[in-house]
Amino acid sequence: AELQILSDKCVKCLQCINVCPCNAIKNDKNVVYIDNTCTLCGICIPKCSFSAISYNENFTKSKFNIDEYNGILIFGEQRDGKVSSVVYELLGEGNRLARQLGTKVSVVLLGNNTDKVVRELFAFGADDVFQIDHPLLECFNDELYTDIVVQVILQSKPEIFLVGATTYGRSLAARVASRLNTGLTADCTCLEIDAEKRLLKQTRPAFSGNLMATIICPNHRPQMCTVRSKVMNPIEPDFSKIGQIIKPNVTISPNLKIKKIDSIKNKVQRVNLADADIIVSAGRGIQKPQNLELIREFADCLGAAVGSSRALVDAGWIEYSHQIGQTGINVRPKIYFACGISGAIQHLAGMMSAKYIIAINKDPNAPIFKVANLGMVGEIEHIIPALIKEVKNKKA
Ligand code: FAD
């Protein structure tokens, strides 16, 4: 392990076994050792009265030659030939970071018949695209995608690998990081470069958004993070731009433990939440699940998508894909209606960058009014039908 027990100093007092929160220190037939469940928290080091525990610097240094790694790689998530909007945002951000590092931006694109997608990736800032086209890659498969992305990374050796914090991206990034024995910072909201050390400074909210933590990965490569959608900016596309298409030599194994049996499209959500210009979001203040119909009707009148607070998802009234906030998705619509939502910090984290926030709540002191551009104090059951009537009248 990267932490080691120094046998010449260890007196086998076994104090360390009790202090390890991960039960990673073992005593087997009077041999004390640290196994691979160690998370490198380092709690044991100062607790050892005999200075018998230390970081094994050689382990880290011998494993990676950091200088071999160069360039920024982005996971080109797409579904049915439509690139996820977060990829364009990552390309914009990747270009900004690449300029500081004096390097280039590549995309790894997995799918079937993705030639059209490649053109778009170049237009939005990719210098190279690693294109892997195969019928087995038609749909995302955690196992197969991980396997191929790992092969591409081992061949191309990027110093940074960026992935969108989508359902697929989160699953993929965790598996890839684990396979490559590198670090992963999830759900970043800000990325910066320490140009001198060529380190990626990865910032993400911690402790329910009360603290911003900046995390680095100094000893392993690639430096990996998932990035929330709607926090970075894409560049203006230039469809005359052409880059290099690379067809890497990878093994695509059909022997998979994970097999797709069926896919069911969400029929309720007519407008994609992440890309919506108007969002009508419902919270516990709608009182009963039947009132979601009222919210949907209002959203339909406006051509809006339906969002929700976590309270409704936890209550089982609406699917998780609608949840906005720290543990849901980030949105940046032009208009955001918060209907019966109190305005907890975890919800605000996902919708604060909306251009115009309209809050409807019966409590005039609800925290949501502090961030709202327009507030309506009253009962959802009265205000929403009145708004529906008004919008319908305007349209007629
Ligand atoms: P409540 O806080 O119960 O608020 C209901 C509001 O409705 C109140 O303000 C009330 O005055 C109003 N109201 C009641 N009746 C009416 C009526 N008839 N008409 C009008 N108004 C009415 N939450 C999220 O939303 N997204 C997240 O991603 C998220 N992640 C979290 C992660 C962590 C680690 C934790 C600890 C919490 C997270 N939460 C998240 C939960 C969050 O803290 C709040 O509990 C949640 O947002 C509350 O949802 P709400 O506003 O719908 O419900």
Side-chain angles (χ1 to χ4, degrees), residues 86 164-167 169-171 185-189 203-213 226-231 269 272-274 276 279-299 304-333 335-354 357-390:
V86 69
T166 60
T167 315
R170 284 176 171 144
S171 174
T185 307
D187 279 357
C188 289
T189 52
T203 302
R204 56 151 297 153
F207 295 104
S208 307
N210 290 315
L211 190 82
M212 296 307 278
T226 61
V227 176
R228 298 203 123 208
S229 62
K230 302 285 176 191
V231 292
Q269 189 72 324
N272 183 349
L273 200 50
I279 293 175
V280 179
S281 248
R284 205 182 337 241
I286 65 162
Q287 304 281 347
K288 48 187 180 198
Q290 291 80 349
N291 279 344
L292 262 176
E293 277 316 310
L294 208 55
I295 298 291
R296 288 194 181 112
E297 190 185 343
F298 183 40
V306 175
S308 89
S309 72
R310 175 161 153 181
L312 297 202
V313 177
D314 287 350
W317 294 1
I318 195 164
E319 297 90 20
Y320 167 72
S321 57
H322 294 258
Q323 183 181 317
I324 290 166
Q326 188 188 317
T327 40
I329 67 160
N330 265 27
V331 292
R332 200 161 49 181
I335 307 175
Y336 187 86
F337 285 88
C339 311
I341 292 177
S342 59
I345 187 153
Q346 297 88 357
H347 186 80
L348 300 185
M351 45 65 78
M352 278 284 277
S353 29
I357 299 170
I358 301 173
I360 306 164
N361 198 303
K362 71 173 186 185
D363 173 7
N365 297 315
I368 191 76
F369 288 129
K370 292 204 177 97
V371 299
N373 301 87
L374 178 73
M376 298 184 203
V377 178
E379 303 275 338
I380 293 294
E381 292 92 329
H382 297 149
I383 294 181
I384 299 291
L387 289 175
I388 293 173
K389 207 167 141 203
E390 195 63 25

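Order of appearance sets the numbers: ligands from 1, and atoms from 1 within every ligand. Keep in mind that what you see is a predicted model, and the values were worked out from it rather than measured.
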Shortest heavy-atom approach to atom 51 (O) of ligand 1 - which of Ser342, Ala282, Ser281, Cys339 = Ser342

When Ile384, Ile360, Leu312 are each screened for side chain to side chain contact (heavy atoms under 4.5 Å, CB included) with Ile286, the one that passes is Leu312

Below 3.5 angstrom, do we get any N/O pair linking His347 and ligand 1?
-> yes

Would you call Gly378 a ligand 1 contact, heavy-atom distance under 4.0 Å?
-> yes

Do Val313 and His322 come close enough that some side-chain heavy atom pair is under 4.5 Å?
-> no

Gly283 heavy atoms within 4.0 Å reach ligand 1 at atoms 52 (O)

Heavy-atom side-chain contact between Ile318 and Leu292 under 4.5 Å | yes

Hey, which atoms in ligand 1 end up nearer than 4.0 Å to a heavy atom of Asp363?
-> 11 (O)

Can you check whether Met352 reaches Val371 side chain to side chain, under 4.5 Å on heavy atoms?
-> yes

With a cut-off of 4.0 Å, which atoms of ligand 1 are near a heavy atom of Ala344?
-> 42 (C), 43 (O), 44 (C), 47 (O)

Atoms in ligand 1 with a heavy atom of Gly340 nearer than 4.0 Å = 5 (C), 6 (C), 7 (O), 21 (N), 52 (O)

Considering non-hydrogen atoms only, spot the tightest contact between Ala274 and Ile329 and give its length.
-> N-CD1, 4.1 Å

Within 4.0 Å of some non-hydrogen atom of Gly328, the atoms of ligand 1 are 28 (O)

Taking every non-hydrogen atom, the tightest pair across Val231 and Val227 | CG2-CG1, 4.2 Å

Does Ile324 approach ligand 1 within less than 4.0 angstrom via side chain, backbone, both or neither, non-hydrogen atoms only?
-> backbone

In terms of ring plane angle, is the pair Phe337 and Phe298 parallel, tilted or perpendicular, where the classes change at 30° and 60°?
-> perpendicular

For Gln326, the ligand 1 atoms whose distance to one of its heavy atoms is below 4.0 Å = 27 (C), 28 (O)

Quick one: which ligand 1 atoms are inside 4.0 Å of a heavy atom on Glu381?
-> 18 (N)

Ligand-residue contact atoms, ligand 1 with Glu379, heavy atoms, under 4.0 Å | 17 (C), 18 (N), 19 (N)

Pick, from Gln346, Lys288, Gln287, the option with the minimum heavy-atom distance to atom 35 (C) of ligand 1.
-> Gln346

Output every pair passing salt bridge (Lys or Arg N to Asp or Glu O under 4.0 Å) with a member in residues 284-295, not counting sequence neighbours, ordered by first then second residue.
-> Glu293-Arg296

Does ligand 1 have a heavy atom under 4.0 Å from the side chain of Ser309, from its backbone, from both, or from neither?
-> both

Closest heavy-atom pair, Ile357 versus Met351, reported as atoms and distance to 0.1 Å, is CD1-CE, 3.8 Å

